[in-house]
Amino acid sequence: MDFIFSLFGRFHPVLVHLPIGFLILGSILVFYAKKEGEEFLPAIRIAFFWGTIAALFSVASGIILYLREGYSFNTVSKHLILGLLTTLLSLGFYLYLKDKVKFIDSKVRGMSIGLVFILMLTGHFGGELTHGSEYFTEVIPDRFQGLLGISKSAEVSKISLDEQHWGEAIFYQDVIHPILSQNCNSCHNEKNRKGELVLSSPEMMEKGGKSGRVLDHRSPLESTLLARMLLPLEDKEHMPPKDKRQPSKQEVALIHKWLESGASFELSLAKAGVEKEMIHMYFPEEKDVFFPETALSQLSEDILMPFRKSGLLVAPISQESPLLKINAINFSANQKLKFKDFQAIASHIAYLDISGTDQDDTVWNDLMVFENLTVLKINRVNIEGKGIEALHQLKNLKRLYLNYSDLQLSNLLALADHPSLEGIFFYATPASKDINSDEIARFLARLEYGGYELPVLSSDTVVY
């Protein structure tokens, strides 16, 4: 029947909400009552009575949880002491209301404020235990955190290896320590010593915890550090607990390899016999940059609002980039854009779709202000491409869409040596009908001109 105590202890996160509700209700009624009024006094006494009873159950369950779940006193001390203080103050306040108070006055209100303040502190430190010390502050913008004097704790280590020199990396420091940092250190660090075990440094790992050492240098593969990870997830001895982040199969394999190599804190990956296939996923990926990277700042909503009101769709190309996507989908076929109006934001536009608007071959020179233009769509317009060679000045242009236009092949060929174009799309144009394989070969860019025909299958003639 011993499990009943453990079960009662684990009800602590549920039980703590009861005293909070009762004590807050009583405090609200204290301030809701009229000065020297007696009508709310019975309800206030009841609220603080049951608040005290609930607080006693919360404290009892919290102490059992602390004793049976391996928390260190340093971890829970603030929450535990304040919880006891809240309970005692609540009891004292109830007895004072029961025997010495005939009506609500300023003294009662002052005592109520003090009790609520202690209750909030107790809840705050309890929240730190379950959600971490930065649960409230991490959402505050960095500049405000600086003004408030909040310093960020060290970020969780992540594995990052140099593909050329990975063999020289230290197995523990560069691989094992980041794995433990991500999966184990939330419970086993200098502040939160669950089970008196700390895994954030070699010295503390060697020392072990309340249940003994976690590294066995005589039989490394029998070390508790690995054995707990290999237990079934539903096993109560499995670590990390099933509701926490679990190491991947690759991470467990690396811990296995580290122990197999002797669990040294100085050995390199190469000397430990690690093969490249085991760690290749930690090599940095080459960044595929499509849109240009610029030092431009984000444009304010005041600047963009006039363009939106004109009917243009305006959106950032990504959350991180100041560059914009402009689409004239709401414009009618006879509506013409005034490119001079774009001067203030021209360098921010990387994606421009003016399909279906009123355009002619003077548009090419108008586009020269868009220095970061990467995608240009001018479908369904009456242009032949005269002067299209001006697009050579747009060094970031990668995609050009001229479908369903009057584009002539002779004008299109002027783009054959464009330095950055990766794709030109010109379905249903005179150019798509006239182009031949020799002219296609002149383009370094990939051409998409439509007109493809699929072979007729025998099944296509079957009538069902």
Side-chain angles (χ1 to χ4, degrees), residues 288-292 312-313 317 323-343 345-455:
D288 184 15
V289 180
F290 183 76
F291 291 99
L312 292 170
L313 294 180
I317 61 168
L323 297 177
L324 298 173
K325 178 185 292 188
I326 304 288
N327 194 317
I329 191 172
N330 295 322
F331 277 48
S332 60
N334 58 358
Q335 194 170 354
K336 196 173 184 66
L337 285 173
K338 297 179 181 179
F339 287 99
K340 65 178 182 180
D341 295 339
F342 288 85
Q343 290 288 344
I345 67 169
S347 58
H348 285 74
I349 298 176
Y351 182 110
L352 181 63
D353 187 347
I354 52 175
S355 301
T357 58
D358 182 14
Q359 303 295 337
D360 56 36
D361 282 308
T362 62
V363 70
W364 311 117
N365 289 323
D366 294 332
L367 295 170
M368 294 305 101
V369 295
F370 302 107
E371 58 187 79
N372 289 312
L373 191 61
T374 308
V375 178
L376 174 61
K377 294 187 176 184
I378 321 182
N379 301 313
R380 305 185 308 280
V381 291
N382 298 320
I383 55 173
E384 296 182 358
K386 294 177 182 178
I388 199 172
E389 61 273 11
L391 294 182
H392 280 85
Q393 298 179 47
L394 298 180
K395 304 301 182 183
N396 293 304
L397 187 63
K398 294 182 179 180
R399 303 272 174 85
L400 176 62
Y401 295 79
L402 299 164
N403 305 313
Y404 302 100
S405 67
D406 296 326
L407 180 68
Q408 300 297 314
L409 179 60
S410 58
N411 297 323
L412 173 65
L413 295 176
L415 297 178
D417 58 347
H418 192 285
S420 62
L421 265 175
E422 297 175 358
I424 305 175
F425 302 81
F426 53 106
Y427 311 151
T429 65
S432 67
K433 298 174 183 177
D434 297 340
I435 198 165
N436 58 48
S437 57
D438 293 335
E439 289 157 342
I440 292 173
R442 291 179 55 187
F443 282 83
L444 293 177
R446 181 166 175 253
L447 298 179
E448 290 288 351
Y449 49 89
Y452 306 119
E453 294 185 4
L454 295 175

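Scope of the values below: all heavy atoms of this structure, side chains included, with no hydrogens, waters or symmetry mates.
Interatomic distance, Arg399 CZ to Ser420 OG, rounded to the nearest 0.5 Å: 11.5 Å. Separating the NZ atom in Lys433 from the CG atom in Leu409 is a distance of 13.0 Å, to the nearest 0.5 Å. Between the CG atom of Leu397 and the CD atom of Glu422 there is a distance of 9.5 Å, given to the nearest 0.5 Å. To the nearest 0.5 Å, the span separating NZ on Lys325 from OH on Tyr351 amounts to 5.5 Å. Going from atom CG of Leu394 over to atom CG of Asn372 covers 10.0 Å, rounded to the nearest 0.5 Å. Here the straight-line distance linking atom CG of Leu447 with atom CD of Glu439 works out to 10.5 Å at 0.5 Å rounding.
For the pair Lys336 (side chain) and Asp358 (backbone), a donor-acceptor distance under 3.5 Å is present. Not a single donor-acceptor pair under 3.5 Å links the side chain of Gln343 to the backbone N or O of Lys340. Listed for the His392 side chain is a donor-acceptor partner under 3.5 Å among the backbone atoms of Glu389. Checking side-chain atoms of Asn403 against main-chain N and O of Tyr427 turns up a donor-acceptor pair under 3.5 Å. For the pair Asn411 (side chain) and Glu384 (backbone), a donor-acceptor distance under 3.5 Å is present.
Within the 4.5 Å cutoff, the side chain of Trp364 has no heavy atoms near those of the Lys386 side chain. A heavy-atom distance below 4.5 Å is not found between the side chains of Glu371 and Asn396. The side-chain heavy atoms of Ile383 and Leu402, taken from C-beta on, include a pair separated by under 4.5 Å. Taking 4.5 Å as the limit, every side-chain heavy atom of Ser405 sits out of range of all side-chain heavy atoms of Ile378. Val369 has its side chain out of reach of Phe342: every pair of non-hydrogen atoms, C-beta onward, lies at least 4.5 Å apart. Here the side chains of Leu337 and Asp366 are not in contact, with every heavy-atom distance at 4.5 Å or above. Contact check for Thr374 versus Ile317: no side-chain heavy atoms found under the 4.5 Å cut-off. Residues Leu421 and Leu391 are not in side-chain contact: their nearest non-hydrogen atoms beyond the backbone lie 4.5 Å or more apart.
For the residue pair Gln408 and Ser410, no side-chain donor N or O sits within less than 3.5 Å of a side-chain acceptor on the partner.
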(message) Before you tell me yes or no, could you show the steps for Asn379 and Phe425 under side chain to side chain contact (heavy atoms under 4.5 Å, CB included), namely the whole-Å CA-CA distance, both residues' side-chain angles and the distance that decides it to 0.1 Å?
(response) CA-CA 9 Å; Asn379 301 313; Phe425 302 81; over 6 Å; no

(request) Apply side chain to side chain contact (heavy atoms under 4.5 Å, CB included) to the pair Ile435 and Phe426, showing each step before the final yes or no. (result) CA-CA 11 Å; Ile435 198 165; Phe426 53 106; 4.0 Å; yes

(request) Could you give me the CA-CA distance, side-chain angles and deciding distance for Leu400 and Leu415, then say whether side chain to side chain contact (heavy atoms under 4.5 Å, CB included) is met? (result) CA-CA 11 Å; Leu400 176 62; Leu415 297 178; 3.6 Å; yes

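Closest heavy-atom contact between Thr429 and Tyr404: CG2-N, 3.9 Å. Of all non-hydrogen atoms in Asp438 and Asn436, the two that sit nearest each other are N-OD1, 3.0 Å. Here the closest non-hydrogen pair linking Ala414 and Ile388 is CB-CG2, 4.3 Å.
Atom CD1 of Ile329 has 12 or fewer neighbouring heavy atoms from other residues, nucleotides or ligands inside a 6.0 Å radius.
Screening Ile354, Asn365, Thr362 against Phe339 for a side chain to side chain contact (heavy atoms under 4.5 Å, CB included) leaves a single residue, Ile354.
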